Amino acid sequence: MKDLVEYLVKAVVDHPGSVRVDERRGKEGWVYYIETHPQDKGRVIGRQGRVIEAIRVVVRSFAKGRVNVEVR
């Protein structure tokens, strides 16, 4: 799942080499934290959060349990 999140984020940003995804186990399931180049943070979030919400929908559809994706 971590590879899927990383692939989706790298497709959106201008600096794919600076994308880093950390996965941690939370109370509700897995949480994936995305770290990007400061200039790419807005691209990952998108207007009114549309891009990050689309990434969350794709990741949740592939997941077997509850997952969340957060941008740092």
Side-chain angles (χ1 to χ4, degrees):
M1 199 62 57
K2 179 179 176 181
D3 294 332
L4 175 64
V5 174
E6 189 172 337
Y7 174 79
L8 292 172
V9 173
K10 283 184 177 182
V12 174
V13 298
D14 287 335
H15 303 93
S18 65
V19 172
R20 191 168 143 223
V21 178
D22 294 326
E23 65 180 339
R24 295 188 183 153
R25 184 86 170 145
K27 294 179 184 178
E28 302 271 331
W30 289 100
V31 180
Y32 296 92
Y33 294 100
I34 301 169
E35 293 183 25
T36 63
H37 191 276
Q39 294 176 348
D40 290 331
K41 191 177 263 191
R43 289 179 152 265
V44 173
I45 296 170
R47 290 191 179 178
Q48 297 180 356
R50 290 181 183 152
V51 174
I52 190 63
E53 196 56 40
I55 291 172
R56 287 176 180 146
V57 167
V58 171
V59 171
R60 287 176 184 154
S61 68
F62 277 89
K64 301 270 187 214
R66 291 190 52 114
V67 297
N68 198 7
V69 180
E70 298 293 329
V71 179
R72 286 190 178 174

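This structure is a prediction, so every number in the text was calculated from the model and none was measured.
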_ILVMFWY network linking Y7 to Y33, side-chain heavy atoms under 4.5 angstrom_ = no
*asked:* Tell me whether R60 at atom CZ has more than 12 heavy atoms from other residues, nucleotides or ligands lying less than 6.0 Å away.
replied: yes
*asked:* Testing the basics here: between K2 and V21, what is the closest heavy-atom pair and its distance to 0.1 Å?
replied: CE-O, 2.8 Å
*Compute both the distance and the angle, then confirm whether R24 meets the cation-pi test with W30: under 6.0 Å from the six-membered ring centre, within 45 degrees of the axis.*
no
_side chain to side chain donor-acceptor pair (under 3.5 Å) partner of D14, the single match among H37, R43, Q39_ = R43
*Do you know which two heavy atoms are closest between R72 and D22, and how far apart they sit?*
NH1-OD2, 4.3 Å
*Determine whether V12 and L8 make a side-chain contact, defined as any pair of heavy atoms from C-beta on separated by less than 4.5 Å.*
no
*Over all atoms of both residues, closest heavy-atom pair of I34 and I52*: CD1-CD1, 4.1 Å
*May I ask you to decide whether E53 forms a salt bridge with R56, counting only side-chain N to carboxylate O separations under 4.0 Å?*
yes
_Same cluster (ILVMFWY, side-chain, under 4.5 Å), V19 and M1_ = yes
*So which of R25, E23, E70 actually passes side chain to side chain contact (heavy atoms under 4.5 Å, CB included) with V31?*
E70
*Side chains of K41 and V71 in contact at under 4.5 Å (non-hydrogen atoms)*: yes
_Would you say V57 ends up clustered with I55 if hydrophobic residues are merged whenever their side chains have heavy atoms under 4.5 Å apart, either directly or through other cluster members?_
no
*asked:* Checking K10 against E6 for the salt bridge (charged side-chain N to carboxylate O under 4.0 Å, His left out) test, could you report, in this order, the C-alpha distance in whole Å, the side-chain angles of both residues, the deciding distance, and whether it holds?
replied: CA-CA 6 Å; K10 283 184 177 182; E6 189 172 337; 3.0 Å; yes
